[in-house]
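Below, all heavy atoms of this structure are taken into account, side chains as well, without hydrogens, waters or symmetry copies.
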Amino acid sequence: MHLDLPDLEPTDPERVAGKLVFKESRFAGWVQAHVADPSRNALCVEDASALAGPGLRVTLAGQTRSGRRGAHGRNDLRSIIGFSNTDALDDVDNELTDIEESLQALDNEVGDIDHRIRVLELQRTAWEAVASARFDDIDVTGSEERIGELEGRREQLLGADDKLQVLQSQIDDLAARLETTKQQRYGLKQRQQQLNGEHGELVDSEDLVKDRIEAMERSGRVSLSDEQQHALAAEFAAAVAPDDPDELDRFQTNSQRLAERLRAAVGDAEAEVRRTEDELASIFRLYKARWESPNLGASADAYPDFARILVDIRSTGLAGRRAEWRRRLTEWSGQDLVPLLGAMASSVEEIEDRLEPINAILRRLEFGSASDHLRIRLRRLSPAHVQVFLKDLRSLAGDQAADIAEADLEKRFADLSRFMKQLRKPFVGEDGAPVTSERDRLLDVRRHVEISAERYDHLTGELRATYRTLGEKSGGESQELVAFIVGSALRFRLGDELRSRPRFAPVFLDEGFVKADSEFAGRAVQAWKGLGFQLIIGVPLDKVTGLEPHMDELLAITKNPRTHQSWITPIRDVDAAAG
């Protein structure tokens, strides 16, 4: 923008520039030139009928036209040229006031409607309650008669059935126990409230003591009992000896000597406490090393537990404790070790018994292209550590502790402790290191046997192969063998010798038999069916051919990759669909 330009000569009064009066300033020349530009200095006409003609023209309503170009004017005649926007701001304020009044009226109307809705909702709820009520529900006399009839029928039913009487007595007993438990719970809750009150009092006392200690530290004064005063006076005299404790000129020096003496005494007391705690911990660890107990700690904090043990020993006496010890040794042998020995012996026999029905089914199923038969064979293993464990178990279970002489009692206890240590579950020791266990390796009888599959000729019964691994078999042969073995394993887990079918029949196989041809797949499917299972196999579309001859129903599941929606389409043979 150029300043101080010369004023222009008066222009045509019929045009925009000729109708304006320009204020004198450094910008007047530039403004006149800007307005007088032909692209802005339009010819002023009365209405749209005078817009025809050369050059830029404008009507009173603001409609313009320049040749074939033009623009509509404004409906209002408010002036937009001037040096003040007061009128425009007043108009905006008036419009805002009108809008606020309208909004307030709408808010009041909405509040009234909400109130009416709440009233109507309460009325609707009340009417629904009245409509849903039956006279039988509010008729006291009829309800009492009905209750009496039901009570009479109930007594008749109870009197006619002994089992119902037993169940009713159990219900009454449980109701009484429930009421007693509720009372106990109420008492415990009262006790909890009492303890909470005592805890609050203790917290208040602790705060009071802290406040007094802080006040004494700030004021330098301490309130002592008579005993404390005598003790402090004796300590003060011992600290300043051989000087006179009543000499005020040396009080500051004597006070420092007393403080040093007291600090030394506190240090000695703390050292004695630590020494005593270490000695107690050493005694406790020695006790646990000889009589191990997972419920006892090894620090000084466990003193109350060991104190109770000592009180029990003193109250019972060594003779009584020794008799109790002998009794527990007898219980360990009779109640735990003898059943354990019998359970381990019978577990393997139970596995053999449950394998027999499965082998009976496998004898009816063809395996392989030669129509052979499979048999699941169990072979008992004899690991050295298991033999030693069983030998110790038989020895400890066979001898009764009551018949052992006193001289051999401690030896038997040591042997029994060593034996039971093998059966503990793994745990984390006091040092944080994990402690392993032989429990699973010794007690899990599944580790004491070996399971293999044997293939027999269907005509001669000759053993043709033994399978312990898949080996170098092809994909189809491997899948057929896996089908027989997995099906037999599931039948073992889901059935027993008393059931003709497994407890759960449907089996879902994802991409089952995809590497097997139709022949292999057919024998595998028949094996699953023969073992009592219902197969539901999911395979890609190109793998359906091998399974198609053996399926009862074929369903195609299609998924739209764009919408991620799926649908199921049954597929049937043309002949079957026509029939």
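In the model, Tyr456 has a side-chain atom that pairs as donor or acceptor with a side-chain atom of Glu454 under 3.5 Å.
No side-chain heavy atom of Leu188 sits less than 4.5 Å from a side-chain heavy atom of Gln192. Side-chain contact check for Leu167 versus Gln170: some heavy-atom pair is nearer than 4.5 Å. Counting heavy atoms from C-beta outward, Arg379 and Leu381 have side chains that approach closer than 4.5 Å. Two residues are said to be in side-chain contact when any heavy atoms from C-beta on lie closer than 4.5 Å; Arg380 and Leu378 meet this criterion. The closest side-chain heavy-atom distance from Lys559 to Gln565 is not below 4.5 Å. Counting only heavy atoms from C-beta outward, the side chains of Gln165 and Gln168 never approach each other to under 4.5 Å. Using a 4.5 Å cut-off on side-chain heavy atoms (C-beta onward), Glu151 and Ile147 make contact. Taking the side chain as every heavy atom from C-beta outward, Ile536 and Val507 never approach each other to under 4.5 Å.
Atom OH of Tyr303 is separated from atom CZ of Arg308 by 11.5 Å, given to the nearest 0.5 angstrom. Of the inter-residue distances, the one linking Gln387 atom CD with His448 atom NE2 reads 9.5 Å to the nearest 0.5 angstrom. Put simply, CZ on Arg375 and CG on Leu463 are 11.0 Å apart, with the number rounded to the nearest 0.5 Å. A distance of 15.0 Å separates CZ of Arg191 from OH of Tyr186, quoted to the nearest 0.5 Å. Note that CG of Leu174 and CD of Glu179 are 13.5 Å apart. Values are rounded to the nearest 0.5 Å. Going from atom CG of Leu280 over to atom CG of Asp301 covers 10.5 Å, rounded to the nearest 0.5 Å.
None of Arg275, Arg274, Glu270 except one satisfies the side-chain contact (heavy atoms from CB on, under 4.5 Å) rule with Glu272; the exception is Arg275.
Formation of a donor-acceptor pair under 3.5 Å by the Thr180 side chain with backbone atoms of Ala176 is found in this model. Between the side chain of Lys288 and the main chain of Leu296, a donor-acceptor pair closer than 3.5 Å is present. Under a 3.5 Å cut-off, the side chain of Asp173 and the backbone N or O of Ser169 do not form any donor-acceptor pair.
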* Would you please test Arg455 and Thr466 for side-chain contact (heavy atoms from CB on, under 4.5 Å) and show each step? => CA-CA 6 Å; Arg455 180 175 180 175; Thr466 300; over 6 Å; no

* For salt bridge (Lys or Arg N to Asp or Glu O under 4.0 Å), just list the numbers for Glu356 and Arg377, CA-CA rounded to whole Å, side-chain angles, deciding distance to a tenth of an Å, and then say yes or no. => CA-CA 10 Å; Glu356 182 56 33; Arg377 176 73 68 181; over 6 Å; no

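The neighbour count for Gln183 CD, taken as heavy atoms of other residues, nucleotides or ligands under 6.0 Å away, is above 12.
The two residues Ser299 and Ala281 make their nearest non-hydrogen contact at CA-CB, 4.4 Å. Here the closest heavy-atom approach between residue Leu535 and residue Leu509 is recorded as CD2-CD1, 3.8 Å.
Using the six-membered ring where Trp is involved, Phe306 and Tyr287 have ring planes that are perpendicular, over 60° apart on the 30 and 60° scheme.
A salt bridge does not link Glu121 to Arg118: none of the charged nitrogens lies less than 4.0 Å from a carboxylate oxygen.
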